[in-house]
Q: 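The structure is given below, and queries will be raised subsequently.
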Amino acid sequence: MATTVFVFHPNFAASTVNARLAAEAEKQDGVTVRRLYDLYPDFRIDVAAEQAALTASDRIVLQFPMYWYSCPPLLKKWEDDVLTYGWAYGPTGDALHGKEMVVAVSPGAPGAAYRRDGAAKYEVTELLRPFQATSNLIGTTFAKPFVTAGAVSMSAAELDARAAAYAAYITSDSLEPLGDYE
């Protein structure tokens, strides 16, 4: 299975969690890692190159730190520019049908904050529903997200374990889809 990890981190050089996850992913057979802020620091996205990368992928992984319960701005621009009508959706937009989409997100707060009785009042999967709706629109199967909560306070050992789990997850033979209301 060809897997492409699209990493959206505005300061990858200063990243601890996303850099470690991406480094572990890069070691896996069949996995390509694309660091989008390195490719497009001016936000001028090469749509043809991104669509070619998506076309060549069986599994699409969107990896990013969670900012203000959402994604970094380049990811939103990438969606707007790359997932075009007639290509990714619409009557003739079936380029991504049958592929898998995975969101790998790293909120800074601990996992306990992302419960209904926690500080955020929402679970991470609830905050990621726009990505699931996009996945539905473009005909991909939305797998259960890979969440690395507590990113700002992880020990080196915890991060190593999380990176190994990430590599295993994105290369697994089958991923469980996230239900519409789970």
Side-chain angles (χ1 to χ4, degrees), residues 3-23 25-26 31-57 59-90 93 95-96 99-111 113-114 119-140 142-154 159 162 166 170 178:
T3 299
T4 304
V5 178
F6 296 84
V7 179
F8 294 89
H9 194 295
N11 191 358
F12 193 79
S15 169
T16 303
V17 172
N18 279 271
R20 182 71 177 87
L21 295 178
E26 227 161 9
V31 176
T32 301
V33 175
R34 297 173 58 80
R35 294 191 302 271
L36 281 291
Y37 273 89
D38 291 351
L39 292 171
Y40 309 115
D42 58 1
F43 278 55
R44 292 185 184 149
I45 296 168
D46 182 340
V47 172
E50 294 307 305
Q51 288 179 344
L54 288 164
T55 299
S57 303
R59 181 173 289 155
I60 299 158
V61 181
L62 303 177
Q63 179 188 319
F64 57 92
M66 185 173 275
Y67 289 160
W68 289 106
Y69 309 107
S70 189
C71 66
L74 185 59
L75 175 48
K76 178 61 177 123
K77 178 155 179 36
W78 181 88
E79 287 178 306
D80 291 345
D81 290 359
V82 176
L83 303 178
T84 57
Y85 181 82
W87 185 80
Y89 69 100
L96 303 176
K99 297 177 184 288
E100 290 180 326
M101 180 184 287
V102 179
V103 170
V105 65
S106 51
Y114 297 98
K121 302 291 183 208
Y122 298 96
E123 295 177 11
V124 173
T125 54
E126 292 175 285
L127 297 169
L128 296 175
R129 290 296 179 201
F131 291 99
Q132 187 172 16
T134 297
S135 176
N136 291 339
L137 179 67
I138 64 174
T140 57
F142 193 74
K144 289 191 174 186
F146 186 88
V147 180
T148 303
V152 297
S153 61
M154 293 186 92
L159 184 52
R162 203 68 193 139
Y166 180 54
I170 65 170
L178 181 66

Q: V103 versus F142: any side-chain heavy-atom pair under 4.5 Å?
A: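 The answer is yes, as the side chains (C-beta and beyond) meet within the 4.5 Å cut-off.
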Q: Under the 3.5 angstrom rule, does the side chain of E50 hit a backbone N or O of W78 as a donor-acceptor pair?
A: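 Not a single qualifying donor-acceptor pair exists.
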Q: Can you list everything that forms a ring-ring contact (aromatic ring centres under 6.0 Å, His included) with F64? Sequence neighbours excluded, please.
A: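 Checked F64 against ring-ring contact (aromatic ring centres under 6.0 Å, His included); matches are F131.
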Q: Check for a donor-acceptor pair, side chain of E26 on one end and backbone N or O of V31 on the other, with a separation under 3.5 Å.
A: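 Not a single qualifying donor-acceptor pair exists.
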Q: I'd like to know whether CZ of F12 has more than 12 heavy-atom contacts from other residues, nucleotides or ligands below 6.0 angstrom.
A: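 Count over threshold, so yes.
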Q: E100 side chain to A143 main-chain N or O, any donor-acceptor pair under 3.5 Å?
A: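 No: the side chain of E100 does not pair with the backbone of A143.
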Q: Minimum heavy-atom separation for D46 to Y40, with atom names?
A: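 That would be N-CE2, 3.3 Å.
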Q: If you look at every heavy atom in L178 and Q132, which pair is closest and at what distance?
A: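 Residues L178 and Q132, closest heavy atoms: O-NE2, 3.0 Å.
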Q: Give the minimum heavy-atom separation between V33 and A22, together with the two atoms involved.
A: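 In terms of heavy atoms, the two residues are closest at CG2-O, 3.8 Å.
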Q: R59 side chain to I170 main-chain N or O, any donor-acceptor pair under 3.5 Å?
A: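 Judged by distance alone, yes, a pair lies under 3.5 Å.
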Q: Are the side chains of T84 and Q51 in touch, meaning some heavy atoms are under 4.5 Å apart?
A: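 A side-chain contact under 4.5 Å exists here.
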Q: For the pair S106 (side chain) and T148 (backbone), establish whether a donor and an acceptor sit closer than 3.5 Å, ignoring hydrogens and angles.
A: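 Not confirmed, S106 side chain does not pair with T148 backbone.
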Q: Whether the side chain of K99 engages the backbone of I60 through a donor-acceptor N/O pair (distance < 3.5 Å, no angle test) should be reported.
A: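 Not a single qualifying donor-acceptor pair exists.
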Q: To the nearest 0.5 Å, what is the distance between CE (M101) and CG (L96)?
A: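 Reported to 0.5 Å precision, the distance equals 7.5 Å.
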Q: Mind checking the CG-CG spacing from L83 to L137? Nearest 0.5 Å is all I need.
A: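 Going from the CG atom of L83 to the CG atom of L137 covers 8.5 Å.
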Q: Apply side chain to side chain donor-acceptor pair (under 3.5 Å) to T32 and T4, showing your working.
A: CA-CA 5 Å; T32 301; T4 304; 4.9 Å; no
Q: Which value, rounded to the nearest 0.5 Å, describes the distance between L127 atom CG and M66 atom CE?
A: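 If I round to the nearest 0.5 Å, the distance is 5.0 Å.
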Q: Nearest 0.5 angstrom please: Q63 CD to F6 CZ, how far?
A: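 Rounded to the nearest 0.5 Å, the CD-CZ separation comes out at 12.0 Å.
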Q: Roughly how far, to the nearest 0.5 Å, is the CZ atom of F8 from the NZ atom of K77?
A: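 CZ of F8 is found 11.5 Å from NZ of K77.
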Q: State, to 0.1 Å, how close A19 and S15 come at their nearest heavy-atom pair, and which atoms those are.
A: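 The pair with the smallest heavy-atom distance is N-OG, 3.0 Å.
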Q: Once rounded to the nearest 0.5 Å, what's the spacing between atom SG of C71 and atom CD of E79?
A: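 The distance works out to 6.0 Å.
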Q: Please examine the side chains of R20 and R162, heavy atoms only from C-beta on, and report whether any two atoms are closer than 4.5 Å.
A: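 No, side chains not in contact.
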Q: With the side chain counted from C-beta on, respond yes when I45 and L74 share a heavy-atom pair under 4.5 Å apart, and no when they do not.
A: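 Yes. Closest side-chain heavy atoms under 4.5 Å.
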Q: According to ring-ring contact (aromatic ring centres under 6.0 Å, His included), who are the partners of F146, at least two apart in sequence or on a separate chain?
A: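 Partners of F146 under the ring-ring contact (aromatic ring centres under 6.0 Å, His included) test: Y166, Y169.
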Q: How close do V82 and V47 get, counting heavy atoms only, and between which atoms?
A: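 Shortest heavy-atom contact: CA-CG1, 4.3 Å.
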Q: Got V124 and P107 here, is their nearest side-chain heavy-atom distance under 4.5 Å?
A: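 V124 vs P107: side chains touch.
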Q: Would you say Y67 and L75 make side-chain contact, with heavy atoms under 4.5 Å?
A: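 Not touching, per the 4.5 Å side-chain cut-off.
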Q: With P73, which residues qualify under side-chain contact (heavy atoms from CB on, under 4.5 Å), at least two apart?
A: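 Listed in chain order: Y37, F43.
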Q: Kindly indicate whether the side chain of P65, heavy atoms from C-beta on, has any atom under 4.5 Å from the side chain of H9.
A: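 The answer is yes, as the side chains (C-beta and beyond) meet within the 4.5 Å cut-off.
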